[in-house]
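Here is the structure we will look at.
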Amino acid sequence: MTLKLSKSKAINPSTKKMGYRTTVKSNGKAYMDSLVASASKNTTLHKAELRMAFELMLDAIKENLSAGNIVELKGIGNIGFSCSGAWTETPEEQTAVEHKIGVSFFPSQEVHAAVATAKTSWTKDDEGDEPTSPDASGGTSGGDQKPPSEVEG
């Protein structure tokens, strides 16, 4: 796998100085129709049946995440939650700290290895797309964090 890197203008949050940051551009996007078509090969399932099962599974994943559950996607990774906030000297002081809660993806060993061993190349301006969230809620990546199953709760 080769990942494309791009240089993008960005403001340094600490210094407020304009500079650049590196972003990863995608190699494309896998849409539901292409995933269903690919998954239905060599099966007796009709594409419509597989699509219905896939949509039902996505609904179940969404319901479990909305209920605060960690979702394990075997071979892909876990979707869980992250929390960031200021460091304090005592646990009691944590209740006064503002915390930001997010959703994190913790890749499986196979996915992590594929990304860790990926080759990179620089793109031309406006080549490729940066990964985006489907709405304004955003998200965070937890590739170097412990998976939710290993985090004490």
Side-chain angles (χ1 to χ4, degrees), residues 1-11 13 20-87 91 94-95 97-153:
M1 164 172 56
T2 300
L3 296 174
K4 296 176 269 188
L5 304 179
S6 178
K7 300 171 198 123
S8 304
K9 283 189 174 184
I11 295 176
Y20 289 85
R21 66 183 176 98
T22 300
T23 56
V24 177
K25 301 290 185 169
S26 76
N27 291 327
K29 194 171 192 177
Y31 292 93
M32 175 98 72
D33 289 340
S34 65
L35 292 171
V36 167
S38 178
S40 67
K41 290 180 184 174
N42 301 318
T43 71
T44 58
L45 286 174
H46 186 274
K47 287 180 187 177
E49 293 173 306
L50 187 58
R51 183 184 213 26
M52 174 70 73
F54 195 31
E55 288 176 356
L56 291 170
M57 182 61 77
L58 292 173
D59 286 344
I61 291 169
K62 179 176 62 176
E63 287 172 13
N64 273 275
L65 288 170
S66 295
N69 297 323
I70 296 165
V71 174
E72 177 192 355
L73 302 173
K74 188 172 181 168
I76 296 170
N78 292 337
I79 303 172
F81 307 95
S82 62
C83 178
S84 63
W87 178 89
Q94 278 295 306
T95 57
V97 171
E98 184 176 333
H99 294 91
K100 183 177 178 184
I101 304 298
V103 176
S104 293
F105 172 68
F106 303 89
S108 67
Q109 289 180 343
E110 298 87 355
V111 172
H112 184 72
V115 173
T117 60
K119 294 178 175 135
T120 58
S121 65
W122 291 101
T123 65
K124 297 174 184 168
D125 291 342
D126 300 324
E127 181 182 46
D129 296 317
E130 288 186 41
T132 57
S133 63
D135 56 34
S137 64
T140 60
S141 171
D144 292 332
Q145 299 174 19
K146 286 186 179 180
S149 59
E150 296 179 14
V151 176
E152 294 180 23

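None of these values were measured; they are calculated from a predicted model.
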Practice prompt. Decide yes or no on side-chain contact (heavy atoms from CB on, under 4.5 Å) for Leu3 and Met1, but give the supporting numbers first.
Written response: CA-CA 7 Å; Leu3 296 174; Met1 164 172 56; 3.9 Å; yes
Practice prompt. Would you please name every residue forming a side-chain hydrogen bond (donor to acceptor under 3.5 Å, both in side chains) with Thr120, sequence neighbours left out?
Written response: none
Discussion item. Working note: Leu65 + Phe81, criterion side-chain contact (heavy atoms from CB on, under 4.5 Å); need CA distance, chi angles, decisive distance, verdict.
Written reply: CA-CA 9 Å; Leu65 288 170; Phe81 307 95; 4.2 Å; yes
Fill in: Main-chain N/O of Gly77 paired with Gln109 side-chain donor or acceptor, under 3.5 Å
no
Worksheet item: How about Arg21 and Thr23: do any of their side-chain heavy atoms sit closer than 4.5 Å?
Response: yes
Discussion item. Does Lys4 form a side-chain contact (heavy atoms from CB on, under 4.5 Å) with Trp122? I'd like the steps, not just the answer.
Written reply: CA-CA 6 Å; Lys4 296 176 269 188; Trp122 291 101; over 6 Å; no
Worksheet item: Could you give all pairs that pass the side chain to side chain donor-acceptor pair (under 3.5 Å) test and reach residues 46-64, with sequence neighbours left out?
Response: Asp33-Arg51, Asn64-Asn69
Discussion item. Has Ser34 got a side-chain atom pairing as donor or acceptor with Ala30's backbone, closer than 3.5 angstrom?
Written reply: no
Response to the item:
Between Thr2 and Asn27, the two heavy atoms sitting closest are O-ND2, 2.9 Å
Response to the item:
Here the pair of heavy atoms bringing Gly85 nearest to His99 is CA-CD2, 4.1 Å
Fill in: Shortest non-hydrogen contact from Ile79 toward Phe105
CG1-CD1, 4.2 Å
Worksheet item: Would you say Leu50 and Thr43 make side-chain contact, with heavy atoms under 4.5 Å?
Response: no
Discussion item. Minimum heavy-atom separation for Val36 and Phe54, please, with both atom names.
Written reply: CG2-CD2, 4.1 Å
Response to the item:
In terms of heavy-atom contacts, Ser108 and Gly75 come closest through OG-O, 2.9 Å
Discussion item. Does atom CE (Met32) have a neighbourhood of more than 12 heavy atoms from anything else shown, all under 6.0 Å?
Written reply: yes
